[in-house]
Amino acid sequence: NKSSTPGQLRIAVIPKGTTHIYWKSVEAGAKKAADELGVKMTFVGPQKEDDRSQQIDLVKNQALQNDAIVLAPLDAVALRDVTKEVAGKKPVVIIDSSLADSDGFIASYVATDNREGGRIAARALAESIGSKGKVAVLRYAQGSASTEQREEGFLEEIKKFPDIQVASSEQYAGATASQAQDTATNLITRLAEGGGLSVQGIFCSNQTSTYGMLQALRGKNLAGKVKFVGFDCDATFIDALKKGEMQGSVLQDPLNMGYMGVKTAVAKLKGETVQPVVDTGATLITPANLADPKIDALIKTQLP
Amino acid sequence: MASPPPRLVMRGIRKTFGPTVALGRVDLEILPGEVHALVGENGAGKSTLMKILSGAHAPDEGEMQFDGQPYHPRNPLDARARGVGMIYQELSVAPHLTVEENIVLGMEPRKGPFIDRKAMRARALEALAHFDHPDIRPDVKAGTLSVSAQQLIEIGRSLAMGCKLLVFDEPTSSLAQKDIERLFLLIDRLKAQGISIIYISHFLEEVKRLASRLTVLRDGSVVGTRDVATTEPEEIVSLMVGRDVEDLYPRTARTTGERILAVAGLTGARNKPDGVTLDLHRGEVVGIAGLVGSGRTEFLRALFGLDPVKGGAVEVATPGTGNATPRGRWKQRIGMLSENRKEEGLALNLSIADNVTLPCLERFGSAGTLSPAKQKTATAAWIDKLGIKCQGPGQPIGALSGGNQQKAAFARLLEYDVDVLLLDEPTRGIDIAAKARIYEAINEVVTDPHRPRAVIIISSYLPELFGVCDRIAVMSQGKLTRAVPVGQLTPHDVMLVATGKAADLPEVGGRKSEIASSPNSACDLPFSDL
Amino acid sequence: MRLKSILTLLGPFIALLVVYGVFGSQNPAMFTEDVVLNILTQTVIVGIAAIGMTLIIISGGIDLSVGSMIALCGTVGATMVTKDVSPVLVFMGTIAFGGFCGLINGGLSTGLKLMPFIVTLGTMQAFRGAAKVATDGTPVNLPFDVTAYKPWLGGAGIPWGVWLMLALVVLFTLVLRYTRFGRHVFAVGSNENTATLCGVHVAKTKLFVYMIGGALAGLSAVMNMAKSSQGDPTTATGMELDIIAAVVIGGASLSGGEGTVLGALIGALLMTTIRTGCVLNGIPTPWTEVITGVIIVVAVIIDRLRHRTA
Amino acid sequence: MRLKSILTLLGPFIALLVVYGVFGSQNPAMFTEDVVLNILTQTVIVGIAAIGMTLIIISGGIDLSVGSMIALCGTVGATMVTKDVSPVLVFMGTIAFGGFCGLINGGLSTGLKLMPFIVTLGTMQAFRGAAKVATDGTPVNLPFDVTAYKPWLGGAGIPWGVWLMLALVVLFTLVLRYTRFGRHVFAVGSNENTATLCGVHVAKTKLFVYMIGGALAGLSAVMNMAKSSQGDPTTATGMELDIIAAVVIGGASLSGGEGTVLGALIGALLMTTIRTGCVLNGIPTPWTEVITGVIIVVAVIIDRLRHRTA
Ligand SMILES: Nc1ncnc2c1ncn2[C@@H]1O[C@H](COP(=O)(O)OP(=O)(O)OP(=O)(O)O)[C@@H](O)[C@H]1O
Ligand SMILES: Nc1ncnc2c1ncn2[C@@H]1O[C@H](COP(=O)(O)OP(=O)(O)OP(=O)(O)O)[C@@H](O)[C@H]1O
Ligand SMILES: [Mg+2]
Ligand SMILES: [Mg+2]
């Protein structure tokens with residue numbers, strides 16, 4: 001894949017990581033756009049997840065041999081200067097998470113409105129517990145902007161329900177599903193009360209933390225006994241939704257994000273006008289709407 | 001002699017280590033039930049030959065037969081299975097294992113999948129019964145025992161497997177006197193049982209006591225096999241050394257000058273040393289004799305600030321100030337040579353120049369800087385003067401032979417130009433030519449016409465002390481006697497005190513020994529009675 | 001067990017009790033059966049791997065690649081499950097694969113006489129990369145209808161994995177103490193030259209030790225798979241340091257010749273207890289790290305002082 | 001420099017050239033000035049910290065906490081910047097803070113005679129936790145109008161950080177070779193007993209070495225801050241192993257007494273080159289890890305063979 005036909009446009013897509021299914025969907029979307037538009041697309045992420053320094057290096061390296069960059073910045077500030085530097089020469093489209101103070105130089109921002117995603121989750125959880133009781137939030141990891149926005153969005157929105165209290169929101173699940181499961185188990189133990197939990201609802205803000213929490217609930221035989229809204233998509237989540245172990249999960253549309261990211265970049269290269277902000281949408285899936293063909297199609301893009 | 005068939009025959013054994021020819025075609029025959037001594041200078045190849053016998057090394061060339069059968073051990077276990085056991089020169093116990101585990105290591109008795117602990121204990125007790133040493137109980141960790149006890153464990157290990165041929169490589173070098181006597185009795189017993197023994201030693205008196213025949217190795221070749229009973233010591237020595245040793249201990253006229261060091265009641269943390277008092281003057285060499293473990297090393301270490309001191313005073317009449325730390329002592333122009341080259345004496349992967357100049361780096365540059373060129377120039381001078389065989393001052397010191405390493409360690413004191421030299425076993429493990437060089441250097445510093453230095457020397461080899469020293473003191477269980485002029489002493493007097501059979505050296509004006517008054521005949525001394 | 005060995009374990013054990021007690025005094029929930037069970041369950045993965053690491057460290061080696069090995073073996077095991085391989089074969093296959101990884105480590109450090117620290121630093125990256133390459137970076141999920149693995153590290157009652165861990169501790173305590181191989185491991189770590197001269201097969205012993213370490217990492221990986229129903233190529237990142245810390249807190253010496261499996265278990269329990277205690281007391285996550293770090297150092301200081309007076 | 005030292009450096013240097021050449025033959029872009037500059041720039045953070053680590057390893061120690069230290073120092077530096085402290089003071093303050101962290105490591109391992117491996121394993125967690133506690137887990141962002149730090153590791157032309165790194169390599173090569181302190185570091189690492197016997201202040205030397213290591217980690221943190229415009233408490237996770245690998249690839253021995261600063265730089269460059277080369281050749285990320293791991297092991301094998309024949 002090193003050779004490209006002369007004159008062919010080259011686009012680099014730099015995700016935050018390469019392991020989550022989520023990024024595979026982004027890649028698929030980007031590929032779809034690249035194929036449609038006849039451009040060459042390179043998809044390469046940092047070796048260690050959450051390694052900002054390495055992502056900065058990646059941006060620099062990729063800028064040397066591509067015509068445009070599509071970047072999902074690991075950090076709003078860390079990536080700002082290198083992006084600004086590169087954007088002076090080549091168009092940069094930011095996807096997934098925002099970049100601070102970047103209106104002036106980026107071509108476009110193509111992303112889920114994460115804060116809104118959090119709000120959607122809050123409303124779904126509140127509804128499922130009848131707008132009163134206690135809830136717990138298991139956060140993902142410190143310093144991850146998109147999940148922090150979701151957590152904030154959730155907490156903001158849940159405040160609007162006067163009869164709902166947040167019992168815990170200080171624990172971070174950790175980077176891997178296995179760590180998340182331990183933290184979740186301990187959290188559940190702390191919140192245990194009689195045969196059930198002292199909280200009626202739980203929210204997790206990304207795939208690994210949701211996965212870990214679900215496994216922990218199942219392990220403690222509490223799955224289904226507490227209302228649980230998560231984030232992102234996984235075959236396990238669909239299964240859990242069907243069994244009533246989860247009441248909802250907020251899906252982004254990574255396929256669309258990758259697709260729109262590349263499309264916007266190419267449009268910019270061709271001198272067309274592009275929207276400064278493109279919302280790729282956040283969708284709540286619930287046991288009730290799983291059968292909906294549109295939802296089903298969205299889910300299909302995010303499962304292997 | 002020819003009647004019984006030999007137990008072991010070694011023919012044309014050759015072994016090289018890179019460019020070093022350790023053994024060039026050695027022949028050796030050992031008879032059943034004989035104690036055969038193997039003697040020779042350091043580096044002659046004794047240990048190498050025995051390591052080949054015990055399967056630790058493979059020979060480059062040569063044949064071996066054991067009890068008439070071809071014998072080619074692939075490893076030590078193989079050799080043991082054939083009935084060849086060896087007690088190595090370098091201590092070889094696993095400190096974290098217990099005594100009994102060390103004894104059966106490599107051939108643990110088993111019951112099903114597990115070690116048969118009862119059988120192991122029984123075997124260990126049986127092996128240990130030979131010594132009756134109070135500290136050695138089967139279930140203590142070997143690392144907590146003294147060096148002497150560890151050596152006995154090794155011997156026990158070889159006894160436990162019932163060998164037909166046992167090799168002892170300098171077993172007494174780290175044994176206490178009592179244990180040496182027990183070992184000798186043990187060897188007599190083994191001999192009576194028909195077990196053959198090869199006994200390596202630098203001490204001809206031990207050879208005389210134990211062996212019926214001896215073989216002399218020099219530079220990797222056998223220079224002769226003799227019957228011990230009919231051979232004169234002079235002949236053995238000349239076979240070993242290959243030259244006249246009349247001038248081994250050079251000694252020019254010495255004049256004792258002002259007092260330079262006064263030790264009063266120095267007591268170490270574990271009562272070793274125990275209230276030691278000693279005066280040292282410019283222009284003299286004071287020797288400290290004693291048995292292994294008597295606390296001589298601890299005395300020097302305490303004096304030099306390496307070990308904590310419980311009591312006593314040290315008065316130094318040299319310029320510079322400083323407390324009792326090694327750094328302070330160097331500043332007071334006192335330098336020390338450690339008995340343990342590898343573990344303490346030298347930084348083996350640094351260059352000769354670095355090792356020689358380490359205590360006085362500040363002289364080779366100003367304000368913390370350093371000129372390697374100057375370091376090398378200074379070192380090159382000592383390489384020349386002491387005849388250190390090497391590629392140059394930049395060579396890592398670990399690549400040198402033991403004798404040359406020792407000369408370089410000695411050069412450290414000369415380079416610093418100390419007034420007091422504390423030498424702990426300065427000639428341990430080095431060959432006779434190197435020894436001569438060091439004796440010469442000692443003689444030179446104490447007879448320097450402008451600034452005669454003073455030397456304290458520890459040695460376990462009495463001829464050396466009698467050859468080099470002006471006065472000798474004896475240490476026994478941490479206590480040091482007066483230092484008596486060599487002319488008024490015999491080795492016998494020294495040994496009596498060292499072994500605790502006499503409380504003190506004879507009074508001044510006592511019996512005057514003929515041997516001691518002529519130090520150049522010191523090579524006779526090994527045969528003086530113990 | 002002899003008095004001496006018991007004393008060696010006393011230090012970490014007291015540390016464990018104190019930490020447990022302090023957290024418990026803040027939140028009595030610590031003393032409930034549930035929490036004790038949690039702590040035990042969450043120790044299984046580190047605990048089993050720490051048993052192997054104990055052997056490696058006693059023999060004078062070290063294995064930094066164990067976290068990556070757990071991830072790699074986990075993906076191998078999960079892939080086998082998705083291919084409908086029977087549980088017994090999955091267990092055996094994963095353990096064997098772990099043993100093979102260990103063999104690579106052992107072979108490189110023994111055969112080429114390389115420092116195990118740097119060999120396993122290399123294989124740590126190589127195994128991790130291999131896990132990601134093999135799975136394309138995505139976790140391999142177990143099919144939903146596979147329930148055979150659940151009871152090992154989940155479900156009601158005491159998970160089988162806890163019993164397995166305890167059984168392995170007993171087994172390897174016996175192996176180390178009462179078998180020839182066990183004593184040879186100590187001998188090699190204590191003084192390699194002596195071991196050679198006494199006819200111990202040093203290279204074979206070391207290879208075997210690394211193989212056991214790898215095999216137990218493989219078993220640990222199966223437990224991890226049972227726990228999270230997936231083989232995740234990014235799991236157990238940095239876990240090698242937890243495992244090594246457990247072994248060292250448990251009284252092993254990094255210069256070899258010393259260490260106990262039971263001590264390593266106690267060390268592992270100590271760290272789980274700290275983590276659980278912090279969550280139960282609502283201590284924010286970053287403080288947990290500070291506390292863990294400080295307790296590691298304090299535990300080693302206590303150990304040091306004990307040695308000095310002993 | 002003596003022939004011997006040059007030979008020691010030759011191994012890693014040839015490895016570097018070969019790796020560079022192989023990648024370049026696949027993609028000539030490797031030979032452009034831009035890429036060379038990128039490689040240099042991207043080596044600065046690991047490179048500067050590796051200089052300190054070289055001293056620590058030569059002295060017979062090790063520091064696993066250096067990654068956490070970089071994170072902690074980075075948050076301290078960034079906080080100072082947000083408080084309008086002048087750049088000179090920020091540099092000095094961060095370096096001093098790093099030196100202080102190093103002092104903790106050195107003090108614990110020297111004063112209490114603990115193994116540096118375990119001490120720094122503990123402080124690794126403690127420093128990391130402290131960084132997160134201090135910043136509440138969120139990166140401390142530099143104000144957007146602060147541009148003083150940019151030229152250090154970004155902007156047009158050769159970043160100052162590259163010159164700084166090169167200058168430090170020269171400086172510490174000189175220090176190790178041409179100062180008393182430098183020779184004492186070698187002596188302590190080669191044989192601590194000999195150093196004591198020869199009147200070297202062993203404890204002081206070690207403390208100083210750890211302090212320098214910490215100070216350079218602090219400087220590295222400032223460079224990291226310049227690069228990412230923030231002090232991130234989660235940055236440089238696992239970087240300690242990269243740094244140690246660089247030093248060891250560069251010919252240092254983990255048992256002390258051997259090593260060169262230039263070698264460490266070459267080791268660090270080697271690793272950056274692998275990463276850059278893999279990206280430029282479109283090699284998927286996980287393969288990069290496999291390749292890095294294999295090259296580390298191969299580099300050490302080469303080094304070993306060189307030693308054997310020498
Ligand atoms: N492993 C080795 N590698 C290189 N050279 C060796 C090795 N072992 C021995 N030699 C060399 O072989 C020669 C013979 O050594 P050996 O140890 O056999 O002497 P020795 O007669 O036992 O001396 P000593 O009285 O000191 O014990 C020496 O020159 C020594 O340096
Ligand atoms: N740290 C220690 N722990 C236990 N025993 C020790 C220790 N240090 C020394 N010893 C023992 O104390 C005794 C005295 O040792 P020292 O080295 O002072 O004897 P020495 O008279 O100098 O004999 P040598 O001829 O060996 O130099 C030895 O038997 C030694 O084994
Ligand atoms: Mg010998
Ligand atoms: Mg001594």
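In what follows, every chain begins at residue 1, and chains take the letters A, B, ... in the order their sequences are listed.
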Determine whether [X] and [Y] make a side-chain contact, defined as any pair of heavy atoms from C-beta on separated by less than 4.5 Å.
X      : Y      : value
A/V82  : D/K227 : no
A/L64  : D/V35  : yes
D/R275 : A/N61  : no

Would you give the length of the straight line joining atom [atom1] of [X] to atom [atom2] of [Y], rounded to the nearest 0.5 angstrom?
X     : Y      : atom1 : atom2 : result
A/D57 : D/T276 : CG    : OG1   : 7.5 Å
A/K60 : D/I39  : NZ    : CD1   : 12.5 Å
A/L79 : D/S229 : CG    : OG    : 10.0 Å

Intermediate values then yes/no, side chain to side chain contact (heavy atoms under 4.5 Å, CB included), D/N27 and A/Q65: CA-CA 11 Å; D/N27 184 347; A/Q65 49 176 14; 3.5 Å; yes
Most chain D-contacting option - heavy-atom pairs closer than 4.5 Å, from A/E85, A/R80, A/Q62: A/R80
Toward chain D, the part of A/Q55 with a non-hydrogen atom under 4.5 Å: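 Nothing of A/Q55, per the 4.5 Å heavy-atom cut-off to chain D.
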A/K90 atom NZ, over 12 foreign heavy atoms within 6.0 Å: yes
Neighbour count above 12 (heavy atom, 6.0 Å) for A/K84 NZ: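 Counting other residues, nucleotides and ligands, NZ of A/K84 stays at 12 neighbours or fewer.
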Chain A-proximal positions within residues 214-225 of chain D [heavy-atom distance under 4.5 Å]: D/N224
Heavy-atom contact with chain A under 4.5 Å, split by part of D/T41: side chain
